[in-house]
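First comes the structure, then the notes that go with it.
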There are 2 protein chains.
Amino acid sequence: MAKVTRKAAGPPRIRDGGAVREVLDRIGDKWSLLVVGTLRGGPMRFGELEKAIAGISQRMLTLTLKHLVEDGLVTRTAYAEVPPRVEYEVTELGRSLVPLVMALAEWAMANHEQIDAHRRKGSA
Amino acid sequence: MAKVTRKAAGPPRIRDGGAVREVLDRIGDKWSLLVVGTLRGGPMRFGELEKAIAGISQRMLTLTLKHLVEDGLVTRTAYAEVPPRVEYEVTELGRSLVPLVMALAEWAMANHEQIDAHRRKGSA
DNA sequence: CTGTATCCTACCTGATACTG
DNA sequence: CAGTATCAGGTAGGATACAG
């Protein structure tokens with residue numbers, strides 16, 4: 001229970017500074033959002049994710065999935081088979097994040113050319 | 001539920017692998033989204049941003065702003081005064097990203113407790 | 001197939017000093 | 001005030017090798 005100590009006429013700021021930072025430290029890393037977005041269509045195996053994301057290292061996929069499972073955004077189901085099969089799937093909580101990820105992805109796809117153009121000319 | 005015939009129609013993946021990665025490498029870093037979100041209310045000075053974000057180092061604020069300006073998400077306006085005054089403001093493009101940032105921030109605030117709970121119990 | 005362990009590099013961080 | 005420069009220390013991420 002944090003007391004809200006807002007300035008009377010202060011500038012409109014993200015009135016948190018904590019929660020957002022905290023969560024952004026979790027899902028704001030290089031891969032988490034991409035993994036969550038990739039899992040939006042249903043359960044996927046480790047190898048499938050690795051191929052789908054393409055660019056992620058095995059190590060980072062492992063770590064990212066571990067964190068997502070810890071945070072309750074993804075479930076891990078290991079089947080006692082040979083060869084081993086492990087499936088990952090977004091939880092209810094994770095699924096609630098999917099629309100935001102997709103919105104971000106769409107924004108990225110819609111604007112990456114414009115961003116690239118800006119970067120290239122550098123000096124207008 | 002019927003079996004999902006992923007094989008036939010190809011797996012449901014983010015059909016890009018490039019643009020999203022590219023943009024996420026830009027704005028998906030630790031600070032960019034936070035800066036953009038902080039600027040949503042109007043122009044702010046360097047020092048204001050530094051205080052508002054609280055936790056960012058001067059170095060990273062400088063770098064992040066530089067990148068955002070390069071990407072065309074933020075404008076930098078220096079006033080030839082003494083003492084110097086520099087204001088940063090989101091561009092049209094940057095403003096189009098604000099709603100997504102805020103949605104993410106709201107999601108973070110709404111769910112960070114649940115995430116924290118998951119993390120803490122660790123083993124269900 | 002699904003990870004884990006190790007090494008190595010690049011980058012972030014915080015502090016400090018200095019410039020315009 | 002608004003940066004730039006630099007250094008020491010930590011951490012994130014990639015590559016590879018190896019294990020269950």
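To find a chain, count down the sequence lines: A is the first, B the second, and so on, and within it residues start at 1. If you're wondering where the values come from, they're calculated on a predicted model, not measured in any experiment.
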Have a look at A:Q58 and say if it touches a base, only the backbone sugar-phosphate, or nothing, with a 4.0 Å heavy-atom cut-off. base
Rounded to whole Å, the CG-P distance (A:L65 to C:dT2) equals 11 Å
Checking B:R119, B:H112, B:Q114 against A:D71 for side-chain hydrogen bond (donor to acceptor under 3.5 Å, both in side chains), the one that qualifies is B:R119
Separation of C:dC1 atom P from A:E81 atom CD, nearest Å, is 14 Å
The reported gap from CG in B:L39 to OG1 in B:T91 (rounded to nearest 0.5 angstrom) is 10.5 Å
To the nearest angstrom, the CD1-C1' distance between A:I56 and C:dT2 comes to 14 Å
Whole-Å distance, B:M60 CE to D:dT4 C1', equals 15 Å
- May I ask you to verify if any side-chain N or O of B:W31 is less than 4.0 angstrom from the OP1 or OP2 atom of C:dC11? no
Between B:V90 and B:V36, the two heavy atoms sitting closest are CG1-O, 4.1 Å
When rounded to whole Å, the NZ to P distance for the pair A:K30 and C:dA10 reads 14 Å
Ranking C:dG14, D:dG3, C:dG3 by distance to the side chain of B:R76, first place goes to D:dG3
Here the distance between atom P of D:dG3 and atom OH of B:Y88, to the nearest Å, is 3 Å
By nearest-heavy-atom nucleotide on DNA chain D, the more 5' of A:P84 and A:L63 is A:L63
Whole-Å distance, B:F46 CZ to D:dC1 P, equals 12 Å
The nucleotide from D:dT4, D:dG13, C:dC1 with an atom nearest the side chain of B:K66 is D:dT4
Taking only side-chain N and O atoms of B:R45, does any of them lie within less than 4.0 angstrom of OP1 or OP2 on D:dA2? yes
Rounded to whole Å, the CZ-P distance (A:R85 to C:dT2) equals 9 Å
Checking D:dA2, C:dT4, D:dG13 against the side chain of B:V86 (C-beta onward), the nearest is D:dA2
Of the candidates D:dT4, C:dT4, C:dT2, the side chain of A:T62 sits closest to C:dT4
Partner of A:R45 under side chain to side chain contact (heavy atoms under 4.5 Å, CB included), picked from A:E50, A:R85, A:K51, is A:R85
Closest to the 5' end of DNA chain D, once B:R59 and A:D29 are matched to their nearest nucleotides, is B:R59
Pair A:L65-A:W31, side chain to side chain contact (heavy atoms under 4.5 Å, CB included): steps then yes or no:
CA-CA 9 Å; A:L65 284 170; A:W31 300 110; over 6 Å; no
